[in-house]
Q: 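First the structure, which I've put down as structure tokens, then a few questions once you've had a look.
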Amino acid sequence: DDGSVLTGDGSSSTIGVNSAEGANTVTLDGTTISGYDTGVEMPSGDLSMMGGASIAGATYGVYAASTTVLAIDAAVDGGSAGTGLYVEDSPDVWVYPLDASGDVGVHIVNSPFRWDGGTVDATTALKVDESTGSVENMTWTSSTQIDAGSNAYVTSIGNSLDASKLIVDSTATIDEANLFSMDSTHLTATP
């Protein structure tokens with residue numbers, strides 16, 4: 001889809017775009033979806049969001065299971081009590097940049113992921129369970145930056161983490177790998 005605007009009436013249990021089970025490919029380029037309980041539901045296949053696509057829902061902006069998710073310049077919103085992007089059992093999740101709002105901005109379950117850049121004002125920016133991946137170069141005003149649940153392994157790159165804004169399960173790990181610059185001289189000359 002290129003540039004469509006899909007607007008629901010706010011009814012519960014409604015879905016803006018519902019992909020059927022099977023090997024499906026859905027590409028949303030500049031698409032705006034709002035006014036539904038779930039903006040996009042993908043039970044399998046491939047989902048691409050790009051070109052300023054904006055997907056909102058009261059419970060889920062995007063709900064994807066067994067789906068490869070790619071986002072380039074997109075935004076998701078789960079409303080005050082929902083999740084912007086929920087992904088479970090995916091072969092790959094790569095979003096760069098992705099803006100996220102909601103109670104939880106992005107929730108990854110049993111999936112490898114990379115989230116590179118974006119602005120997040122969700123209560124919890126990133127929630128991770130049974131997954132390994134990285135979050136990079138974020139601008140976040142969230143009360144919780146990362147909620148690392150059971151068997152989560154998150155590498156934070158180029159972010160300013162605040163220990164008081166992290167939740168880390170006893171089986172989880174958060175590694176901080178920040179970027180730095182350095183001027184170096186050796187015997188009064190650049191080495």
Q: Looking only at heavy atoms, what is the nearest atom pair of Ala122 and Gly105, with distance?
A: CB-N, 3.3 Å

Q: Got a sec, which pairs hit salt bridge (charged side-chain N to carboxylate O under 4.0 Å, His left out) with one end in residues 3-19, sequence neighbours left out?
A: none

Q: Does any N or O in the side chain of Thr139 come within less than 3.5 Å of the main-chain N or O of Thr119, such that one atom is a donor and the other an acceptor?
A: no

Q: Assigning hydrophobic clusters by single linkage (Ile, Leu, Val, Met, Phe, Trp, Tyr; side-chain heavy-atom cutoff under 4.5 Å), is Val26 placed with Ile55?
A: yes

Q: Determine, step by step, whether Asp37 and Ser13 satisfy the side chain to side chain donor-acceptor pair (under 3.5 Å) criterion, reporting the C-alpha distance in whole Å, the side-chain angles of both residues, the deciding distance to 0.1 Å, and the verdict.
A: CA-CA 5 Å; Asp37 189 55; Ser13 302; 5.2 Å; no

Q: Hydrophobic cluster membership, with links at side-chain heavy-atom distances under 4.5 Å among I/L/V/M/F/W/Y: are Leu161 and Val154 in one?
A: yes

Q: Tell me, do Met42 and Val62 make a side-chain contact under 4.5 Å, heavy atoms counted?
A: no

Q: CG of Leu28 to OG of Ser4: how many Å apart, nearest 0.5 Å?
A: 9.0 Å

Q: Please examine the side chains of Val120 and Val106, heavy atoms only from C-beta on, and report whether any two atoms are closer than 4.5 Å.
A: no

Q: Looking at side-chain heavy atoms only, is the closest gap between Leu126 and Gln145 below 4.5 Å?
A: no

Q: Out of curiosity, does Leu6 fall in the hydrophobic cluster containing Val76 (side-chain heavy atoms, cut-off under 4.5 Å, transitive links)?
A: yes

Q: Measure the shortest side-chain to side-chain distance between Leu85 and Trp115 over non-hydrogen atoms and say whether it is less than 4.5 angstrom.
A: no

Q: Taking a hydrophobic cluster as the set of Ile, Leu, Val, Met, Phe, Trp and Tyr residues connected by side-chain heavy atoms closer than 4.5 Å, whether directly or through intermediates, do Ile15 and Ile33 fall within one such cluster?
A: no

Q: In Å and rounded to the nearest 0.5 Å, what is the CG to OG distance from Asp175 to Ser134?
A: 11.5 Å

Q: Cut-off 3.5 Å, side chains only: do Ser101 and Asp121 have a donor facing an acceptor?
A: yes

Q: Which heavy atom of Ser111 sits nearest to which heavy atom of Ile108, and what is that distance?
A: O-CG2, 3.5 Å

Q: Which heavy atom of Ala125 sits nearest to which heavy atom of Trp140, and what is that distance?
A: CB-CE3, 3.7 Å

Q: Hydrogens and angles aside, do Ser150 and Glu130 bring a side-chain donor and acceptor to less than 3.5 Å of each other?
A: yes

Q: Any chain of hydrophobic side-chain contacts (each under 4.5 Å) joining Val104 to Ile174?
A: no

Q: Any side-chain to backbone donor/acceptor pair from Thr32 onto Val5? Under 3.5 Å, distance only.
A: no

Q: Could you state the interatomic distance from CD1 (Ile157) to CZ (Arg114), rounded to the nearest 0.5 Å?
A: 7.0 Å

Q: Rounded to the nearest 0.5 Å, how far does CG of Asn18 lie from OG1 of Thr38?
A: 9.0 Å

Q: Check ring-ring contact (aromatic ring centres under 6.0 Å, His included) between Tyr96 and all other residues, then give those that pass, not counting sequence neighbours.
A: Trp94

Q: Would you name the heavy atoms of Pro43 and Ser66 that are closest together and state the gap between them?
A: O-CB, 3.8 Å

Q: Any luck finding a side-chain donor-acceptor pair between Ser19 and Asn24 under 3.5 Å?
A: yes

Q: Got a second to check how far Ile167's CD1 is from Ser143's OG, nearest 0.5 Å?
A: 10.0 Å

Q: Tell me every residue that passes side-chain hydrogen bond (donor to acceptor under 3.5 Å, both in side chains) with Ser156, counting only those two or more places apart in sequence or in another chain.
A: Asn159

Q: To the nearest 0.5 Å, what is the distance between CG on Asn110 and OG1 on Thr132?
A: 9.5 Å

Q: Any side-chain heavy-atom pair from Thr67 and Val87 closer than 4.5 angstrom?
A: no

Q: The criterion is side chain to side chain contact (heavy atoms under 4.5 Å, CB included); which residues satisfy it with Ala74, sequence neighbours excluded?
A: Met49, Ala53, Ala71, Leu98

Q: I'd like to know if the side chain of Asp129 pairs up with that of His107 as donor and acceptor (distance under 3.5 Å, no hydrogens or angles considered).
A: yes

Q: Any side-chain heavy atom of Val128 sitting closer than 4.5 Å to one from Phe113?
A: yes

Q: With sequence neighbours excluded, what pairs up with Asp2 under the side chain to side chain contact (heavy atoms under 4.5 Å, CB included) test?
A: Asp29

Q: Starting from Tyr86 and following side-chain heavy-atom contacts under 4.5 Å between hydrophobic residues (I, L, V, M, F, W, Y), which residues can be reached?
A: Tyr60, Tyr63, Val109

Q: Shortest non-hydrogen contact from Ala172 to Ala148?
A: CB-O, 3.5 Å

